[in-house]
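Report on the following structure.
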Amino acid sequence: MGRRELIDPVARAGYELVVDEEFSGDRLDTSLWFPFYLPHWSSRVGSAPRYRLADGKLHLLIEQDQPPWCPEFDGGIRASCLQTGEFSGSLGSRAGQIRFSADVVVREEQPEVRLFVPQYGFFEMRARVGDDPSGMAALWMVGFEDRPQQSAEICIFEIFGRDVGAGSTAVGMGLHPFGDPSITDDFVRPVLPIDAREFHDYAVEWTPDHVAFFVDSALVTVMEQSPGYPMQFMLGTYAFPAEDGAPPPGPYPKEFVVDRFRGYRRAAA
């Protein structure tokens, strides 16, 4: 069987725009973004992101006085993240999105939220990251997990500050199955000839047959498998503690800047 026909990420023929987020206002659009990071494992207070909107861009920040988002279960990691959905079980249960540790339990009940939870499409983001060795920034998709096996991840891009250079950057992308037995782990981190401290376009085409990854409209890799259920977006930046457990070293603030985010779906025939 030959490779599936892939999208032209410039022309995007056969797709129609459904989300066009340019961060043009002075307030976050909460009809698209849920401004907390997995609050069921922590709390809304503990998982609230630090950010600002300026010059038509979203600046996700890690600030010096920012506490760890979930110290009981995730140590000294600081996080500023947004989501387009939220699902978890009742207080004390083990049901919830992104069960990153076997020990986590729901510490604060959350209402179900579905803001942008598509199934298939073409999605792109223009962003720049920092080169702080303690930092990481990413855009990824996860199953809504109202059914536990619908929990795979499509990572559109994941960049660690230690991997950013003037002439090249290692960009992580791929699929993780987590609790989905139909998906095989397939993740790559190619070194691309870009300086990710400047703005670049990261995109994915997700179809019933494949997931194709692009950077600056150039195809990087195609994975011939696909989660077959709705998925939400996760957008965030992290700062990791030192090896001795000390808070992430400076400078501060650490910043991940997003210029735009767009979502497309297949146009009706």
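Atoms considered below: every heavy atom in the structure, side chains included; atoms not considered: hydrogens, waters and symmetry mates.
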Kindly say whether Ser90 contributes a backbone atom to a donor-acceptor pair with the side chain of Ser93 at under 3.5 angstrom? yes

Tyr238-Arg78 side chain donor-acceptor pair, cut-off 3.5 Å: no

Qualifying residue, where the test is ring pair (Phe, Tyr, Trp, His ring centres under 6.0 Å) with Phe261 and the options are Tyr202, Trp33, Phe23: Trp33

Please check this pair: side chain of Asp186 against backbone of Leu175, looking for a donor-acceptor N/O pair closer than 3.5 Å. no

Quick check on the hydrophobic clustering: are Ile156 and Val220 connected, directly or via other members, by side-chain heavy-atom contacts under 4.5 Å? yes

Do Gln232 and Glu86 get their side chains close enough for a donor-acceptor pair, meaning under 3.5 Å? no

Among side-chain atoms of Ser31 and Asp29, is any donor-acceptor pair under 3.5 angstrom? yes

Can Tyr120 and Glu205 be counted as having a side-chain donor-acceptor contact under 3.5 angstrom? no

Side-chain heavy-atom pair Asp163, Arg189 within 4.5 angstrom cut-off: yes

Determine the sole option in His59, Glu63, Glu255 for which the side-chain hydrogen bond (donor to acceptor under 3.5 Å, both in side chains) test with Arg50 is passed. Glu63

Locate the shortest heavy-atom distance separating Pro118 from Phe233; write the atom from each residue and the value. CG-CE1, 3.9 Å

Between Ser80 (side chain only) and Pro49 (backbone N and O only), is there a donor and an acceptor less than 3.5 Å apart? no

Which is it for Leu139 and Glu158 under the side chain to side chain contact (heavy atoms under 4.5 Å, CB included) test, yes or no, and what are the steps along the way? CA-CA 7 Å; Leu139 172 68; Glu158 174 190 272; over 6 Å; no

Between the side chain of Ser47 and the main-chain N/O of Trp69, is any donor-acceptor distance below 3.5 Å? no

For Trp41 and Glu72, run side chain to side chain donor-acceptor pair (under 3.5 Å): C-alpha distance rounded to whole Å, both residues' side-chain angles, the deciding distance at 0.1 Å, then the answer. CA-CA 9 Å; Trp41 304 134; Glu72 297 86 349; over 6 Å; no

Does a side-chain heavy-atom distance below 4.5 Å link Leu219 with Leu6? yes

Within the 6.0 Å centroid threshold, strictly below: Tyr264 and Phe123: no

How far does CG of Leu28 sit from CG of Leu82, to the nearest 0.5 angstrom? 5.5 Å

Can you see which heavy atom on Gly135 is nearest to which on Phe240, and at what distance? C-CE1, 4.4 Å

Test item: Ser151 side-chain N/O and Gly179 main-chain N/O as donor-acceptor pair under 3.5 Å: yes

Salt bridge present between Arg147 and Asp180 (N-O < 4.0 angstrom): no

Identify, with sequence neighbours excluded, every residue that meets salt bridge (charged side-chain N to carboxylate O under 4.0 Å, His left out) alongside Glu108. none

Look at the aromatic rings of Phe122 and Phe214 and report parallel, tilted or perpendicular, splitting at 30° and 60°. perpendicular

Would you find more than 12 non-hydrogen atoms of other residues, nucleotides or ligands less than 6.0 Å from Gln64 atom CD? no

Within the distance-only criterion (no hydrogens, no angle test), does the side chain of Gln110 pair as donor or acceptor with the backbone N or O of Gly89 below 3.5 angstrom? no

Is the cationic atom of Arg162 (NZ for Lys, CZ for Arg) positioned less than 6.0 Å from the six-membered ring centroid of Phe160 and within 45 degrees of its normal? yes

Separation of Ile194 CD1 from Thr169 OG1 (nearest 0.5 Å): 5.0 Å

Determine whether more than 12 heavy atoms belonging to other residues, nucleotides or ligands lie under 6.0 Å from atom CG of Asp55. no

Are side-chain heavy atoms of Met223 and Thr221 found at a separation under 4.5 Å? yes

Side chains of Phe36 and Gln83, heavy atoms from C-beta outward: is any pair under 4.5 Å? no

Can you sort out the partners of Asp209 under salt bridge (charged side-chain N to carboxylate O under 4.0 Å, His left out), two or more places apart, ordered by chain and number? Arg4

Give a yes or no answer on whether the side chain of Asp74 reaches the backbone of Ile77 with a donor-acceptor pair at less than 3.5 Å. no

Thinking salt bridges, do Asp195 and Arg197 make one under a 4.0 Å N-O criterion? yes

Check this for me, if you would: do Arg114 and Asp146 make a salt bridge, where the nitrogen-to-carboxylate-oxygen distance has to be below 4.0 angstrom? yes

First locate atom CZ of Phe256, then atom CZ of Arg128, and finally report the distance between them rounded to the nearest 0.5 Å. 10.5 Å

Heavy atoms only: give me the nearest Ala127-Phe157 pair and the separation to one decimal. CB-CZ, 4.4 Å

Any side-chain donor-acceptor pair under 3.5 Å between Trp206 and Ser226? yes

The reported gap from OG1 in Thr84 to CZ in Phe144 (rounded to nearest 0.5 angstrom) is 9.0 Å

Taking all non-hydrogen atoms of both residues into account, name the closest pair between Tyr229 and Gly143 and its distance. CE1-CA, 3.8 Å

Spatial distance of atom CE (Met141) from atom CG (Leu235) [nearest 0.5 Å]: 12.5 Å

So, taking the atom named CD1 in Ile98 and the one named OH in Tyr37, what distance separates them when rounded to the nearest 0.5 Å? 5.5 Å

Would you confirm whether Tyr51, through its side chain, and Cys81, through its main-chain N or O, come within 3.5 Å as a donor-acceptor pair? no

Identify whether the distance between the nearest side-chain nitrogen and carboxylate oxygen of Arg265 and Glu16 falls below 4.0 Å. yes

Without swapping roles, check the side chain of Thr237 against the backbone of Met136 for a donor-acceptor pair under 3.5 Å. yes

Nearest atoms (heavy-atom pairs only) where Val222 meets His210: CG1-CB, 4.0 Å

Modelled atom types, side-chain donor and acceptor of Ser88 and Glu112, under 3.5 Å: no

Do Glu22 and Arg126 meet the salt-bridge criterion of a basic N to acidic O distance under 4.0 Å? no

Decide yes or no for Gln225 and Ile183: does some side-chain heavy atom of the first lie under 4.5 Å from some side-chain heavy atom of the second? yes

Ignoring hydrogens, what is the shortest heavy-atom contact between Leu60 and Gly236? Give both atom names and the distance. CD1-CA, 4.1 Å

Could you tell me whether Lys254 sits above the aromatic face of Tyr252, with NZ or CZ closer than 6.0 angstrom to the six-membered ring centre and within 45 degrees of the axis? yes

